[in-house]
Amino acid sequence: MPRKGMRNIFFKSPSLTRMTPPSSPLHHTFSESLMEENIEVAQFIITKWDSSHDDNLVSLFSDKDEARQYMGSIKGLQKAMKYLVLHQSNSEKLVRAQLLMQTAMQRLQNEFYQILKSNRDYLDPESVSAHSSSRPSVSRSSFSEFEEEEEEEEEEEDESENENDSVPEVETASLAAMADLRAIAEAMISAGYAKECIKVYKIIRKSIVDEALYHLGVERELTFQRIQKMEWEVLEFKIKNWLSAVKMAVKTLFYGERLLCDQVFSVSAAIRESCFTEISKEGALALFGFPENVAKCKQTPEKLFRILDLYEAVSGLWPEVESIFSFESTAAVRATAVNSLIKLGDTVRTMLMDFETAIQKDSSKTTVPGGGIHPLTRYVMNYISFLADYCGILSNIFEDWPFTVPSALPESYFRSPDSEGSISSPISVRVAWLILVMLCKLDGKAAMYKDVPLSYLFLANNLQYVTEKVRQSNLKFLLGDDWLINHELKVKQYAENYEKIGWSKVLASLPENQTAEIPADRVNDHFKKFNSAFEEAYMKQVSWVVPDPKLRDHIKISLARRIIPIYEEFYESNGGVQMKKEMWGESFIRFTPDDLGNYWSDMFYGSRSSGSVSSSLRGGGRSH
């Protein structure tokens, strides 16, 4: 234990705290006596705290006064040694001073180690990064400040205590530990013992950083060869872990470690760089090497979104990476992050081209029952709507990769006929092109239907699905209102073509002039033809489907407006003749105008069987 005794005697003398400059006229008169006094003081203080005499090391820095005395004695000893080197280089006093300095440095090295170890919780990167930017130092923050006179130190202490009243205990302890470390580091560096100080710092701090990365799930041994052999489910799990770890690693772990290095070794830029590089470089390279290795693996379109997540994470953290790893010796970390972005961007572009190729190569020959939504439509639109959530990232990726629209593509596809607006951003054009490629494939699939009306209904259903997906997602911001209006008009055109062709026989069964007087036998003939045409159209189409409620209602209303007024006029003009004949069992009226709407109300759900339909129709539409 340190011996109590001459605690403040030597520090009352200004000779210990302020050496007379060598250029002073009094320098040669007093320098030798001051030199001897400094050595004597150092002998007492350093020997008192000689750690080789302690069974249990008591921290010198637990007592501020003792720490100030000790650091002051080292400063005085340094001045004495400089004098001896210049004037008495062969003196035994110099040997004595050197031995004292070695003892002092050993003590400081042990103190440095103990502060780093015992304050591990207070010096964790999260604590350091949380407060260092707002509170860069405390009163006792450097070796030189331990030279200040006692009165000045006490004033600073009072100010610090008042200042720390509102500071959390953890932050106060963290700031105090950093200040002590900085003071020791400056003392050891100025005395020529930087190597010993740095060695202790690197060993302890590197173990802390490595342990933190391990707990974050950063794997050092995750090479490209290992990643390439992984099942996608396993790799996706590791990507998710990496995404949750990278922000904490950069913004807290590496940022806090950089701040700690900068504060502890503020006296030397070279040492700051050396320490931070050795502590953080290996872990950072492993961290940012992962996305690059993932990007190198063979990809399929469904993996694109995880690649975009990786790109988004790295690009979002790039400003911090560039700032934290700004040293020349950490250029490899910056390069790895940049290479990851480049490789991920290349992979995204390749995967989108592969996605387009997959659409074009779709060779499914089966038709969707009832003209419903084709699986290709669902897959492509779900895929593209998810892509739209990454429009900012995709814009960056494709910024320098302009897309040339094939010359055969109609200008109207990108420009509304009644508007001067057009799709211009690279990613918007690419998305519009992908949708067009899919729609072209759907045209081919529509041709597989034997019933032409069903092929138009199929096109209307699928294009309606496309427009709704666009309207309900971020695609509407990429493609714009003009694109939507243009394609919604096409939906109506397809629906109109279905109505015209699918119900043409029904309309053709009625006379051109419904109010003109015609013979009874021709009236009968028109009613029979109408019954037959309506039954045929209904029985064929009742199993057809329109999944979208708005489009379904639109078609039903349009059919009613197209057929019912014509039939109703004919019915009212000629129904009386048939009513008279009904008494003799010769009526050919099967449907009233209201019956038509009732039958249509059952359509486009694709749920009724042909048996139930036939039975219903044979029963007639009117109640007797």
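In this chain, residues are counted from 1 in sequence order.
Evaluation of the ring pair (Phe, Tyr, Trp, His ring centres under 6.0 Å) test over residues 187-230, restricted to residues two or more places apart or in two chains, returns Tyr201-Phe265. Applying the ring pair (Phe, Tyr, Trp, His ring centres under 6.0 Å) test to pairs two or more places apart or on separate chains, those with a residue in residues 312-346 are Phe254-Phe325, Phe276-Phe325. For the side chain to side chain donor-acceptor pair (under 3.5 Å) condition, no pair includes a residue of residues 222-234, sequence neighbours left out.
In this structure Gln299 satisfies the side chain to side chain donor-acceptor pair (under 3.5 Å) test with no other residue, sequence neighbours excluded. Taking Asp309 as the reference, Leu243, Arg306, Glu312, Tyr390 meet the side-chain contact (heavy atoms from CB on, under 4.5 Å) condition, with sequence neighbours excluded. Under the side chain to side chain donor-acceptor pair (under 3.5 Å) criterion, Asn474 pairs with Asp389, sequence neighbours left out.
Side-chain atoms of Glu320 and Tyr255, non-hydrogen and from C-beta on, never get closer than 4.5 Å to each other. Residues Leu479 and Val431 have side chains in contact (heavy-atom distance under 4.5 Å, counting atoms from C-beta outward). Between Leu213 and Arg220 the shortest side-chain heavy-atom distance falls below 4.5 Å. Side-chain contact between Asn293 and Leu222: absent, with no pair of heavy atoms (C-beta onward) separated by less than 4.5 Å. Residues Tyr70 and Leu108 have side chains in contact (heavy-atom distance under 4.5 Å, counting atoms from C-beta outward). The shortest side-chain heavy-atom distance between Ile74 and Met105 falls under the 4.5 Å cut-off. Between Arg107 and Glu111, some side-chain heavy-atom pair lies under the 4.5 Å cut-off. Contact check for Ile184 versus Phe61: side-chain heavy atoms found under the 4.5 Å cut-off.
In this structure, Tyr383 has its ring center under 6.0 Å from that of Phe305.
In terms of heavy-atom proximity, Ile115 sits nearest to Ala177 at CG2-O, 4.0 Å. Residues Ser385 and Leu475 approach most closely at CA-CD1, 3.8 Å, considering heavy atoms. Nearest heavy atoms, Leu394 versus Val348: CD2-CG1, 3.9 Å. Annotation for Lys281 and Ser329: closest pair NZ-O, 3.5 Å, computed over non-hydrogen atoms. Ile393 and Ser315 make their closest contact through CD1-OG, 3.9 Å (heavy atoms, listed as atom of the first residue, atom of the second, distance). The two residues Val314 and Ala337 have their closest heavy-atom pair at CG1-O, 3.8 Å.
Remark: the backbone N or O of Ile271 is paired with a side-chain donor or acceptor of Ser268 at under 3.5 angstrom. Side-chain atoms of Lys117 do not come within 3.5 Å of backbone N or O of Gln114 as any donor-acceptor pair. Arg349 contributes a side-chain N or O that, together with a main-chain N or O of Ile397, makes up a donor-acceptor pair within less than 3.5 Å. Side-chain atoms of Thr347 come within 3.5 Å of backbone N or O of Lys343 as a donor-acceptor pair. Using a distance-only test at 3.5 Å, with no hydrogens or angles considered, no donor-acceptor pair links the side chain of Asn119 to the main chain of Tyr122. Panel note: side chain Glu196, backbone Gln109; no donor-acceptor pair is recorded below 3.5 Å. Between the side chain of Ser428 and the main chain of Leu478, a donor-acceptor pair closer than 3.5 Å is present.
Considering Leu310, Leu216, Val294 as possible partners of Trp242, the one that fulfils the side-chain contact (heavy atoms from CB on, under 4.5 Å) test is Leu310. The only member of Glu278, Glu282, Glu211 that meets side-chain hydrogen bond (donor to acceptor under 3.5 Å, both in side chains) when paired with Lys206 is Glu282. Exactly one residue among Arg334, Arg258, Glu273 makes a side-chain hydrogen bond (donor to acceptor under 3.5 Å, both in side chains) with Ser326. That residue is Arg258. Screening Thr277, Asp262, Val264 against Arg272 for a side-chain contact (heavy atoms from CB on, under 4.5 Å) leaves a single residue, Asp262.
Salt bridge annotation for Lys303-Glu236: absent, with no cationic side-chain nitrogen under 4.0 angstrom from a carboxylate oxygen. Ion pairing between a basic and an acidic side chain is recognised when a charged N comes within 4.0 Å of a carboxylate O; Glu356 and Arg430 show no such pairing.
For Met248, the CE atom sits in a loose shell: 12 or fewer heavy atoms of surrounding residues, nucleotides or ligands are nearer than 6.0 Å.
A distance of 12.0 Å separates CD1 of Ile324 from SG of Cys261, quoted to the nearest 0.5 Å.
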